[in-house]
Amino acid sequence: MTEPLRIAVLDGDGIGPEVVPAALSVAERALERQGTGLQTVRLPFGATAIDSHGAPVPGSTLEALADFDLWLVGPHDSASYPADLRHPAPGAVMRKQFDLFANLRPARAVTGVRATTPGIDVLIVRENSEGLYADRNMAVGSGEFMPTPDVALSVGLITRAATERIAIEAFEAARRRRGHVTVVHKANVLRMTTGLFRDVCLQVGERYPDVRVDTEHVDAMAALLVRRAGDFDVIVTENLFGDILSDLAAELSGSLGLAPSLNSSADRAMAQAVHGAAPDIAGRDVANPVATISSIAMLVRWHGEQSASTSALRAADAIDAAVAHVLADGLATADLGGSASTTEFTAAVTAAL
Ligand code: ATP
């Protein structure tokens, strides 16, 4: 038996308390089969933390998170919080405090799921610490402000250092995939900010002669993802563009309920599905758990790569294979046109392991 994985778990709001335990049970089984255990610690987060601690991300949760390299985090539903606790959003607080600068969001069509764009298999590498995200792009204060009640301004931040580190993530990922990076920008309009982003990515690309590089404007990229997604592999872009393109890519691959994501720094990673709290379906055992199950697979794989742990890498592969097997078999939750409950789907994935 090798050292167990230690994961901090934040269930979150809405469907979080349904899909997060589902993902944990799958990961526990997969790791167990590789002779590795799973130790989890649950921390207060979201609406329940407002009730118990007066804040969606209590100070005690942030302190405890610092002791963990691996986190599994459910969605938050800030729209349901009291007005004075809605900003900054919990995810932003955590990403900023721990500098989780890289957000990896894969979207892939899989057998058994009707994808709008059948050939899609992309990895969106989203810069997560600056751009137009007003809640994290300033050391003090917010990047959005209103000089008068009728005038609103927003400051976008792009730095060479942050662009360089996200570009390295993208080119390294491309080497592990199909060797192609597309840099997405809007340098015909946002010439200085997204122009710097594009230029720094291209400079980093020169260090990767084995990786093919091209560039696209973000609007063209949205159209091209619909028309010929099969031509793209890794897409690297700034924060806001990455957020929008990854929801689009997720839907094109079948459903937002399938889309996983990993946020990481050099020494820490947080798995969190792309989707939100889905309050419209919460508490009914109908949510698709795949996004969170696949997110924990990314987390376990990240750990395997960081610590050269073959058992973790095997467990991650086994989780992905089990999900693919169950989907290919035709079992589907309501978002995919089926009638399987969250519990039934999770049990099928666990059995497939
Ligand atoms: P956020 O802004 O927090 O990302 P959102 O407003 O984009 O949230 P979601 O909560 O992601 O919205 O929900 C968008 C739609 O997708 C809703 O109809 C929701 O029911 C559906 N949805 C989201 N996640 C899932 C899931 N895991 N399974 C099934 N349906 C889902």
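When reading the values below, keep in mind they use all heavy atoms of this one structure, side chains included, and skip hydrogens, waters and symmetry mates. Each ligand, and each atom within it, is numbered from 1 in the order the structure gives.
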- Only heavy atoms count here, so choose which of D335, T292, T333, D280 is nearest to atom 20 (O) of ligand 1. D280
- Message: Given N288, I281, L256, identify the one with the heavy atom nearest to atom 31 (C) of ligand 1.
- Response: I281
- Query: Under a heavy-atom criterion of less than 4.0 Å, does A287 contact ligand 1?
  - Reply: yes
- Message: Against ligand 1, does A277 come closer than 4.0 Å with any heavy atom?
- Response: yes
- State plainly whether one hydrophobic cluster holds both M298 and I120, where clusters connect Ile, Leu, Val, Met, Phe, Trp and Tyr through side-chain heavy atoms under 4.5 angstrom apart. no
- Message: Whether the side chain of S295 engages the backbone of S261 through a donor-acceptor N/O pair (distance < 3.5 Å, no angle test) should be reported.
- Response: yes
- Message: Quick check on atom 11 (O) of ligand 1 - does any protein heavy atom sit closer than 4.0 Å to it?
- Response: yes
- Hey, is atom 4 (O) of ligand 1 touched by any protein heavy atom at less than 4.0 Å? yes
- Passing option when D233 is tested against R177, R212, H180 for side chain to side chain donor-acceptor pair (under 3.5 Å): R177
- Message: For ligand 1, which is the ligand I care about here, please tell me if P279 has any N or O atom under 3.5 Å from one of the ligand's N or O atoms.
- Response: no
- Item | Residue portion contacting ligand 1 (non-hydrogen atoms closer than 4.0 Å) for S255 | neither
- Query: If you measure from each non-hydrogen atom of I15 to ligand 1, which part falls under 4.0 Å: side chain, backbone, both or neither?
  - Reply: side chain
- Enclosure of R207 CZ (heavy-atom neighbours >12, cutoff 6.0 Å): yes
- Do other residues, nucleotides or ligands put more than 12 heavy atoms under 6.0 Å from M192 CE? no
Who's the nearest protein heavy-atom neighbour of [atom], and how far?
| atom | result |
| --- | --- |
| atom 8 (O) of ligand 1 | G276 CA, 3.6 Å |
| atom 21 (C) of ligand 1 | A278 CB, 4.4 Å |
| atom 7 (O) of ligand 1 | D247 OD2, 4.7 Å |

- Residue pair D320, R108: steps toward the salt bridge (charged side-chain N to carboxylate O under 4.0 Å, His left out) verdict: CA-CA 12 Å; D320 285 343; R108 188 162 66 90; over 6 Å; no
- Quick one: do Q306 and W302 satisfy side-chain contact (heavy atoms from CB on, under 4.5 Å)? Show the steps, please. CA-CA 6 Å; Q306 293 281 312; W302 184 88; 3.6 Å; yes
- Do the ring planes of F45 and H76 sit parallel (below 30°), tilted (30 to 60°) or perpendicular (above 60°)? perpendicular
